[in-house]
Amino acid sequence: MIVYNTLGRKREEFKTLEKGKVKMYVCGVTLYDECHLGHGRAYIVFDVIRRYLEWEGYEVLYVQNFTDIDDKIINRAKEEAKSEKEIPEKAREIVERYKESYFRDMDALNIKRADIYPSATEFIPEIIVAVEKLLKKGVAYSGNGDIYFSVDKFPSYGKLSGRKKEELMPGARVEPEEKKKDPLDFALWKSAKPYEPCWDSPWGKGRPGWHIECSVMSLKCLGETLDIHGGGEDLIFPHHENEIAQSESLTGKKFVNYWLHNGFVTVRGEKMSKSLKNFFLLRELLNQYPPQAIRFLILSTHYRNPLDFDLAHLETALRGWKRIEECILKSEEILGGGKTGKLEETKYIQEFRDVMREDFHTPQALRVIFDLVSELNRYLSRGEKSPEAFSLFNDLKTLLEVLGFALPEKLTLPPHLEKLIREREEARKRKDYQTADRIREQLLREGILLQDTPRGTVWRKK
RNA sequence: GGCGGCGUAGCCAAGUGGCAAGGCAGCGGCCUGCAAAGCCGCGAUACCCCGGUUCGAAUCCGGGCGCCGCCUCCA
């Protein structure tokens with residue numbers, strides 16, 4: 001299997017530390033706001049990577065953190081709090097609110113839950129120990145109650161993002177802070193201002209810096225070296241660069257073997273972001289489109305390429321998904337649901353494997369699925385219940401599950417609509433097509449689409 | 001200023017040396033009472049531009065042009 005490793009910027013053979021096991025850490029969200037499609041992309045992408053690895057027989061331990069203490073959360077709490085002393089409580093409330101919202105969106109998208117969801121505030125003692133260790137090793141220093149990591153003390157700093165320290169200086173908007181010895185140094189521990197949420201530490205009341213939590217939590221949950229660490233490409237610098245510096249200074253071991261980063265979602269060519277106000281919230285999209293359409297859209301572009309979002313593109317994705325869904329519904333009607341006995345694998349399984357082994361090539365995987373759907377449709381259009389058709393149907397369901405598409409559920413119609421369909425069939429027998437067409441239109445207004453097939457009239461949700 | 005990415009049919013998107021996948025939309029046909037769905041057939045003499053390497057390039061090299069990202073919180 002080949003994966004593209006950001007560290008080194010090349011495709012590499014994927015070898016796990018321990019045979020058959022994958023330790024995987026994906027940077028989660030900061031719990032201060034709703035998730036938009038950009039977040040959705042990241043977690044769908046890593047969901048598929050995880051599902052594929054599991055399907056290939058790997059035992060995957062998947063960890064995804066929550067950042068539940070951070071400037072943005074505090075700022076939000078300050079906005080919402082009525083008085084200063086309410087701030088810490090508000091911050092907790094905000095965190096809970098958006099954690100719930102996160103799970104609601106991600107569950108709706110059929111993203112498998114991680115094995116562990118560590119939160120920064122659950123690891124304060126461990127973070128403090130880590131910071132003390134870094135101080136003791138002389139790679140960190142104290143500046144007025146804040147503790148900073150000294151980038152100079154980590155010679156290979158820049159190896160992930162491909163920058164040299166000197167290159168970062170000119171023109172870059174690196175805020176020079178007086179407490180820092182070097183503008184690139186970053187906070188491991190921040191001292192608290194009055195009324196901010198805080199914890200006791202050897203350096204006074206404060207809270208952890210952003211980068212240290214991932215180092216500590218991945219270390220505690222997965223060990224010193226990870227197989228895969230993932231996230232959006234905007235995390236490469238400085239977040240992941242800083243994680244490497246801290247973790248490797250702490251353990252002396254290589255932190256991560258394979259760094260995987262997904263590309264952005266853009267809107268009219270520009271990055272989807274809060275500041276540009278060009279974001280689409282997952283919740284709003286999910287109100288209007290089935291989750292499979294969103295997943296289809298995401299997977300139809302390779303995970304490392306930018307994905308330009310437009311509602312028209314989502315509409316196109318929906319139609320594409322509908323073709324697959326129609327094939328499944330029709331198969332169930334003609335061939336019957338449920339798994340049949342294991343028949344020989346079709347060539348499509350092998351093709352799917354071939355393309356997914358090449359850096360998780362989901363656009364190609366969708367091509368394989370469409371090829372399969374076309375062939376299966378040929379059997380179905382003849383009403384043929386051959387073993388080949390059963391086999392194709394089984395494989396189709398298998399492949400869709402690996403890509404995380406929830407299979408359509410068997411729906412039932414309210415009795416009064418069922419009755420209308422029966423009335424229409426009577427009318428058609430009488431050749432009373434006016435009545436039949438009237439009923440068909442009436443049902444369409446209810447969102448029910450009718451298809452008159454050789455095996456009778458079937459209905460679909462529009 | 002530094003680092004990185006992208007530019008392929010109307011739209012989306014694969015392909016990274018050997019006759020340009022797939023989807024959506026469109027057109028023609030079959031099926032149908034009419035539809036819907038499905039099936040069959042059709043679409044880039046051509047891959048931003050200009051040079052070069054090669055028997056052969058969308059694919060490699062050089063030079064342009066255009067768009068975007070990171071360097072600041074960010075999936």
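This one's a predicted model, so the numbers in the text were calculated from it and none came from an experiment. Naming: A, B, ... by sequence-line order, numbering from 1 per chain.
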Trainee: Taking only side-chain nitrogens and oxygens of A:K271, does any of them come within less than 4.0 Å of OP1 or OP2 of B:rA75?
Mentor: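 Negative; the distance criterion is not met.
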Trainee: For the base of B:rG69, is there a side-chain donor-acceptor partner from A:D234 under 3.5 Å away?
Mentor: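 Check fails, no donor-acceptor contact within cut-off.
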Trainee: Send over the distance from A:E425 CD to B:rG33 P, rounded to a whole Å.
Mentor: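 Rounded to the whole Å, the gap is 14 Å.
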Trainee: Can you check the distance between B:rA57 and B:rG15, where both ends of the measurement are the C1' atom (answer in whole Å)?
Mentor: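 That atom pair is separated by 13 Å.
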Trainee: Considering the options A:L281, A:I44, A:I298, A:V267, which one meets the side chain to side chain contact (heavy atoms under 4.5 Å, CB included) requirement together with A:L37?
Mentor: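 The passing option is A:I298.
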Trainee: Between B:rA20 and B:rA25, how many Å separate the two P atoms, rounded to a whole number?
Mentor: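 That atom pair is separated by 26 Å.
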Trainee: Does a nitrogen or oxygen in the side chain of A:H239 sit under 4.0 Å from OP1 or OP2 of B:rA75?
Mentor: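 The answer is no; no side-chain N or O of A:H239 sits under 4.0 Å from OP1 or OP2.
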Trainee: Applying the Watson-Crick and G-U wobble criteria at under 3.5 Å, what pairs with B:rU59? Answer none if nothing qualifies.
Mentor: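 Answer to the pairing question: none, since B:rU59 forms no Watson-Crick or G-U pair.
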Trainee: Nearest to the A:Q364 side chain among B:rC34, B:rC68, B:rA21, which nucleotide is it?
Mentor: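 Nearest to the side-chain atoms of A:Q364, counting from C-beta on, is B:rA21.
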Trainee: Just to be sure I understand the rule, does A:N305 reach a base, reach only the sugar-phosphate, or reach nothing, if contact means heavy atoms closer than 4.0 Å?
Mentor: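 Sugar-phosphate: the residue A:N305, judged by heavy atoms under 4.0 Å, touches backbone atoms but no base.
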Trainee: Rounded to the nearest angstrom, tell me the gap between atom CG in A:L184 and atom P in B:rG2.
Mentor: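 Computing the A:L184:CG to B:rG2:P distance gives 18 Å.
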Trainee: Base, backbone or nothing for each nucleotide of nucleotides 22-31 of chain B, written B, S, -, heavy atoms under 4.0 angstrom, 5' to 3'?
Mentor: SBSS------
Trainee: The test is salt bridge (Lys or Arg N to Asp or Glu O under 4.0 Å); show your working for A:E79 and A:K90 and say whether it passes.
Mentor: CA-CA 10 Å; A:E79 280 167 31; A:K90 257 299 172 208; over 6 Å; no
Trainee: Using a 4.0 Å heavy-atom cut-off across all strands, classify A:F46 as base, sugar-phosphate, or nothing.
Mentor: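 Nothing: the residue A:F46, judged by heavy atoms under 4.0 Å, touches no strand.
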Trainee: Answer yes or no: is there a donor N or O on one side and an acceptor on the other, between the side chain of A:D227 and the main chain of A:K23, under 3.5 Å?
Mentor: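 Present.
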Trainee: Testing the 3.5 Å rule here: is there a donor-acceptor pair between the side chains of A:N242 and A:Q246?
Mentor: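 Absent: no donor and acceptor within the cut-off.
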Trainee: Look through every strand shown and name the nucleotide pairing with B:rA25 as Watson-Crick or G-U wobble, where both distances are under 3.5 Å.
Mentor: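 Result: none.
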Trainee: Just call it for A:V265: base, sugar-phosphate, or nothing, with non-hydrogen atoms closer than 4.0 Å on any strand.
Mentor: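 Base: the residue A:V265, judged by heavy atoms under 4.0 Å, touches a nucleobase.
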Trainee: In whole Å, measure the gap between the P atoms of B:rG38 and B:rC24 for me.
Mentor: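 So the two P atoms sit 8 Å from each other.
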Trainee: Rounding to the closest angstrom, what is the interatomic distance between B:rG22 and B:rC61 at atom P?
Mentor: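 Going atom to atom, P in each nucleotide, I get 29 Å.
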Trainee: Find the partner of B:rG66: check Watson-Crick (N1-N3 plus N6-O4 or O6-N4) and G-U wobble (N1-O2, O6-N3) distances, both under 3.5 Å, and reply none if neither fits.
Mentor: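 The answer is B:rC6, by the H-bond criterion.
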Trainee: Looking only at the side chains, is there a donor atom on one of A:N278 and A:E270 sitting less than 3.5 Å from an acceptor on the other?
Mentor: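 No.
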Trainee: Under 4.0 Å, heavy atoms only, any strand: does A:N262 hit a base, just the sugar-phosphate, or nothing?
Mentor: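 Result for A:N262 = base.
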Trainee: Can you spot which of A:D68, A:D71, A:D70 makes a salt bridge (Lys or Arg N to Asp or Glu O under 4.0 Å) with A:R207?
Mentor: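 Per the salt bridge (Lys or Arg N to Asp or Glu O under 4.0 Å) rule, the option paired with A:R207 is A:D71, out of A:D68, A:D71, A:D70.
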Trainee: Could you check whether A:H261 gets within reach of a base, just the sugar-phosphate, or nothing at all, counting any heavy atom under 4.0 Å?
Mentor: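 Since no nucleic acid heavy atom lies under 4.0 Å of A:H261, the category is nothing.
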Trainee: Using atom CZ of A:R424 as one end and atom P of B:rC34 as the other, report the distance to the nearest whole Å.
Mentor: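 Spelled out: CZ on A:R424 to P on B:rC34 is 13 Å.
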Trainee: Please determine whether a side-chain nitrogen or oxygen atom of A:R378 lies at a distance below 4.0 Å from atom OP1 or OP2 of B:rC40.
Mentor: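 It does, given that an N or O in the side chain of A:R378 lies less than 4.0 Å from OP1 or OP2 of B:rC40.
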Trainee: Name the nucleic acid region contacted by A:L449, choosing base, sugar-phosphate or nothing; use a 4.0 angstrom heavy-atom cut-off, strictly under.
Mentor: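 Sugar-phosphate, backbone atoms only, no base.
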Trainee: Tell me: CG of A:L297 to C1' of B:rC11, nearest whole Å?
Mentor: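 Computing the A:L297:CG to B:rC11:C1' distance gives 13 Å.
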Trainee: What interatomic distance, in whole Å, is found between C1' of B:rG1 and the corresponding atom of B:rC50?
Mentor: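 So the two C1' atoms sit 28 Å from each other.
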Trainee: Using the C1' atom in both, what is the distance from B:rA36 to B:rG69, to the nearest Å?
Mentor: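 Rounded to whole Å, the distance is 44 Å.
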Trainee: Judged by each residue's nearest nucleotide on RNA chain B, which is more toward the 5′ side, A:H313 or A:Q434?
Mentor: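 Closest to the 5' end, via its nearest nucleotide, is A:H313.
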Trainee: With heavy atoms under 4.0 Å as the rule, sort A:Q451 into base, sugar-phosphate or nothing.
Mentor: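 Contact class for A:Q451: base.
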Trainee: When you compare the side chains of A:E243 and A:S215, does any donor N or O come within less than 3.5 Å of an acceptor on the partner?
Mentor: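 Side chains of A:E243 and A:S215: no pair found under 3.5 Å.
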Trainee: Ion pair present between A:R97 and A:E93, side-chain N to carboxylate O less than 4.0 angstrom?
Mentor: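 So A:R97 pairs with A:E93 through a salt bridge.
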Trainee: Answer with base, sugar-phosphate or nothing: what part of the nucleic acid does A:R440 contact at a heavy-atom distance below 4.0 Å?
Mentor: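 Base contact.
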Trainee: If we take the P atom in both B:rG29 and B:rA13, what is their distance in whole Å?
Mentor: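 These two P atoms come out 33 Å apart once rounded.
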Trainee: Rounded to whole angstroms, how far apart are CG on A:L376 and P on B:rA37?
Mentor: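 To the nearest whole Å, that distance equals 18 Å.
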Trainee: In whole Å, what is the span from the OH atom of A:Y379 to the P atom of B:rA37?
Mentor: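 Computing the A:Y379:OH to B:rA37:P distance gives 24 Å.
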Trainee: If only side-chain N and O atoms count, and only distance matters, is there a donor-acceptor pair under 3.5 Å linking A:Y289 with A:E315?
Mentor: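 Side-chain D/A pair, A:E315 to A:Y289: present.
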Trainee: Figure out the CD1/C1' separation between A:I236 and B:rG2, and round it to whole Å.
Mentor: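 Whole-Å distance recorded here is 16 Å.
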Trainee: Do A:D310 side-chain and B:rC12 base share a donor-acceptor contact under 3.5 Å?
Mentor: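 Flag unset: no donor-acceptor pair detected.
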Trainee: Give the rounded distance in Å between these two atoms: CZ of A:R304 and P of B:rU16.
Mentor: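 In whole Å, B:rU16 P and A:R304 CZ are 12 Å from each other.
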Trainee: If you take atom types as modelled and just measure distance, does the side chain of A:R9 reach the base of B:rG4 with a donor-acceptor pair under 3.5 Å?
Mentor: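 Checked by distance alone, the answer is no.
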Trainee: Select one nucleotide: of B:rA14, B:rA75, B:rC70, the one nearest the side-chain heavy atoms of A:T301.
Mentor: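 Within the option list, the nearest is B:rA14.
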Trainee: Heavy atoms from C-beta onward define the side chain here; which of B:rG33, B:rC73, B:rC39 lies closest to that of A:N377?
Mentor: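 Per side-chain heavy atoms of A:N377, the pick is B:rC39.
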Trainee: Are the side chain of A:T457 and the backbone N or O of A:T453 linked by a donor-acceptor pair below 3.5 Å?
Mentor: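 It does not hold such a pair.
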Trainee: Under 4.0 Å, counting only non-hydrogen atoms across every strand here, what does A:R76 touch: a base, just sugar-phosphate, or nothing?
Mentor: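 The answer is nothing, as A:R76 stays clear of every strand by at least 4.0 Å.
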Trainee: Now, which nucleotide makes the Watson-Crick or G-U wobble pair with B:rC30, with each of the two distances under 3.5 Å?
Mentor: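 Here B:rC30 is engaged in a pair, and the nucleotide opposite it is B:rG38.
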Trainee: With heavy atoms under 4.0 Å as the rule, sort A:G269 into base, sugar-phosphate or nothing.
Mentor: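 The answer is sugar-phosphate, as A:G269 gets under 4.0 Å only of primed atoms, P, OP1 or OP2.
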Trainee: Please report the distance separating the P of B:rC3 from the corresponding atom of B:rC11, rounded so that it comes out in whole Å.
Mentor: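 To the nearest whole Å, 34 Å.
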Trainee: Mind checking A:G230 for me? I need base, sugar-phosphate or nothing, with any heavy atom below 4.0 Å counting as a touch.
Mentor: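 Touches nothing.
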Trainee: Mark yes or no for whether A:D47, through its side chain, and A:I111, through its backbone, hold a donor-acceptor pair below 3.5 Å.
Mentor: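 It does not hold such a pair.
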Trainee: Taking the minimum atom-to-atom distance to the side chain of A:K330, which one of B:rA75, B:rA37, B:rA14 wins?
Mentor: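 So the nucleotide nearest the side chain must be B:rA37.
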Trainee: Which residue, A:R41 or A:Y4, contacts RNA chain B at a nucleotide closer to its 5' end, judged by nearest heavy atom?
Mentor: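 Its nucleotide being nearer the 5' end, the pick is A:Y4.
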